[in-house]
Amino acid sequence: MLIKTGVLTGNSPRVSVFSRNKQVLRLFCSSDACYTAPSIDTVLDLVSKQHWSKLKTLLQRTSSNTLLQKLLSSGADPELILRYLNWSHKKLNLWHTLDLTLTLLHSLANAKKYSKIRSFLDNLVRHDKSFSISSLFHSLSMCNGGICANSIIVDMLVYAFVKNLKFDLAFEAFKRAGDYGFKLSVLSCNPLLKGLVTESGIGKMEFMYHEMIRRRIEPNLISFNIVVNGLCKAGKLNKASDIMKDMEARAISPNVRTYNTLIDGYCKMGRIGKMYKADAILNRMVANGIHPDEITFNILIDGFCKDQNVSGAMKVFGEMQGQGLNPNVVTYNSLINGLCSDGKLNEAIGLRDSMLCSGLKPNVVTYNALINGFCKKKMVKEAIELFDDITRQGIVPNVITFNTLIDAFCKHNRMEDAFALRNQMLDRGVLPDVFTYNCLIAGRCREGNLDAAKKLLEEMESKDLRADLVTYNILMDALCKKGESRKAARLLDGISEKGLNPSHLSYNKLIEGYCSEGNLRAALNVKTRMEKERRRANIVTYNVLIKGFCKERKLEQANRLLNELLEKNLIPNRTTYDIVKEEMMEKGFVPDIEGHLYSIWSCS
DNA sequence: TTAGGGTTAG
């Protein structure tokens, strides 16, 4: 077919394919002047009867492009021609030019044989490794197929890219389609929007949404729900609310999924009072006549649990049942995880038993939460027993099960056991991921064995696993603790070079490192740098710096930093209070923070 | 024919 030769790509193979075909033709003409090409009717008859071996013998001396050209101009059933094309590619490894292939696709579009185009393009995309969208679109626009047929083909091509997880190509095709005036539909745009949410930054999804509106590709309810979900997952809740206004303007009413998505967004926002906001959306939903479903309740229950309010979650659990809605495995898993995080392991196990009583089967997520609960309570022996128990029951441990236990071993200085478990997961066909390596790297760092940690970093990268922000923060922390803050600073530079955004934690660790080395100037420079890189110093940054200055007996400067954080409306926390008390006041220094003393003391 | 919920690391 076209792809393997590069005909579609417009690269150098284009020349080789054409010259090859010409050579083949010349050879036939000179060696056998008496050769008569088979009639189109004969070819079509053999194709329809699927007499492939006869056809193969008959076509031995025929140019595939010439034959396809004749078939197309004969007005034969395009489905039959497609059958020939698929066979010639698969069995004879014969290639055809881009223009001829597109002509066939046009015929199929005009005959409304859409499923045939879909599967052809799917096959094309699946096997292609060097696809040039611009050459394809150019040829398509030059063909006489009509804008409608072209749009259908391009729409299906975008869908084929998405289906084969080639999101970059799908996105490029979407953008180019606009340049050529091919009009896409929600059938391809919605899957691509969703792909962009999960695959890359939210920026591309936002661009695509606005571009859809500009190009008058009318988003439907599903498009809006995908966009709301993407924005919520990216923490852009205000923008998600704006989308609700866009829906209103287009007379599209949000449904239970829209509201659930938004409620979930607020639940996961991680701010004080988030559950009040989530509750406000719930009230708006009910006022608009949309009834909460099982998923709404699950979202709220999980929200309360993550807010460390398991009793609130239990109330919602009761209300859910009161409304005649049945809790499912997800409901119980959220509650069990909430109880485990709260250290209430017996209650969590009790809930697992209630699950069984009500006919629900706990799954690997349930047990991962329980195993994690044991690990966090330093009950590693019990965690392992549970692991063995569920394995015997036939529950297949996943990468999270292994990571949880590996982390527990690492934190208990049992590195041998951690690596043995890593080998066990490999034996069971569970591949270690970045989490696994981060746990192991952190374990090696805790031992003070930075060389072994770096070896693990190399090993993970050799397995195509990219180190993430957590990996770098672990390594920076280890270097700082070893008194090698300058090396940690170089690692911080490396984070940005790898296209990752250093977090507050990254900067704060380095500031802490410099402070513990007494290099206060370097620590302040890091603070200036983080502010330049639009990462506002937070309360931890100030606590670390104030403590650093206090340790070096530079109390006036520490006092200035204290005033600075208050001027920036940052709220002092318990640590701030302890530093002020122990490092300043108990040493006879009264901080000059008039007017703000109350907020400092109120933290106690 | 495409949209929403639960488990792990710094």
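What you see below is based on every heavy atom in this structure, not just the backbone, and it leaves out hydrogens, waters and symmetry mates.
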Consider ring-ring contact (aromatic ring centres under 6.0 Å, His included). Of A:F409, A:F402, A:Y367, which one does A:F387 pass it with?
A:F402

Let me know the distance between CD1 of A:I406 and P of B:dT7, rounded to the nearest Å.
20 Å

Distance in angstrom units between A:F374 CZ and B:dT8 C1', rounded:
17 Å

Does A:V228 reach a base, just sugar-phosphate, or nothing at all? Heavy atoms under 4.0 Å.
nothing

Atom CG of A:L196 and atom C1' of B:dT2: how far apart are they, to the nearest Å?
14 Å

Output the rounded distance in Å from CG (A:L193) to P (B:dT2).
15 Å

For the side chain of A:K411, counting heavy atoms from C-beta on, which of B:dT2, B:dA9, B:dT8 is nearest?
B:dA9

Contact class for A:I226 vs. all strands (heavy atom < 4.0 Å): base, sugar-phosphate, or nothing?
sugar-phosphate

Check this one for me: any side-chain N or O of A:K306 less than 4.0 Å away from OP1 or OP2 of B:dT7?
yes

Need one value for A:S503: base, sugar-phosphate or nothing, where a base atom within 4.0 Å counts as base even if backbone is also close, heavy atoms only.
base

I'd like to know if A:E459 pairs up with A:K455 as an ion pair, taking the criterion as any Lys NZ or Arg NE/NH1/NH2 lying under 4.0 Å from an Asp or Glu carboxylate oxygen.
no

Atom NZ of A:K547 with >12 non-hydrogen neighbours under 6.0 angstrom
no

Checking side-chain polar atoms at under 3.5 Å, does A:N438 have a donor or acceptor matched by the opposite partner on A:D468?
yes

Could you tell me whether A:D493 and A:R529 have a side-chain N and a carboxylate O separated by less than 4.0 Å?
yes

Of all heavy-atom pairs linking A:G265 and A:L237, the shortest is C-CD2, 3.6 Å

Answer yes when A:R215 and A:E211 have at least one side-chain N-carboxylate O distance shorter than 4.0 Å, and no when they do not.
yes

Would you say B:dT1 has OP1 or OP2 under 4.0 Å from some side-chain N or O of A:K194?
no

Does a side-chain N-to-carboxylate-O contact under 4.0 Å join A:D122 and A:R118?
no

Separation of B:dT7 atom P from A:L335 atom CG, nearest Å, is 12 Å

Select base, sugar-phosphate, or nothing to describe what A:K163 touches, counting heavy atoms under 4.0 Å on all strands.
nothing

Can you name the closest pair of heavy atoms from A:S253 and A:L221 and give their distance?
O-CD1, 3.5 Å

Measure CZ/A:R466 against P/B:dA9 and give the value in whole Å, please.
22 Å

Contact class for A:D302 (heavy atom, under 4.0 Å): base, sugar-phosphate, or nothing?
sugar-phosphate

A:I295 atom CD1 is separated from B:dA3 atom P, nearest whole Å, by 12 Å

Would the number of heavy atoms belonging to other residues, nucleotides or ligands and lying under 6.0 Å from NZ of A:K236 be above 12?
yes

Side chain of A:D407, heavy atoms from C-beta onward: which of B:dT7, B:dG10, B:dA9 has the nearest atom to it?
B:dA9

Give the residues of residues 424-462 of chain A touching DNA chain B, defined as any heavy atom closer than 4.0 Å, sorted by residue number.
A:F435, A:N438, A:C439

Among the nucleotides B:dA3, B:dT7, B:dT1, which one has an atom lying closest to any side-chain atom of A:I400?
B:dT7

Mind checking if A:L505 touches a base, just sugar-phosphate, or nothing, with heavy atoms under 4.0 Å?
base

Is a donor-acceptor pair below 3.5 Å formed from side chain A:N190 to base B:dA3, judging by atom type as modelled?
no

What is the distance, to the nearest angstrom, from the CE atom on A:M244 to the C1' atom on B:dA3?
14 Å

Got a sec? Which of residues 468-476 of chain A come in under 4.0 Å of DNA chain B, heavy atoms?
A:D468, A:L469, A:V470, A:N473, A:I474

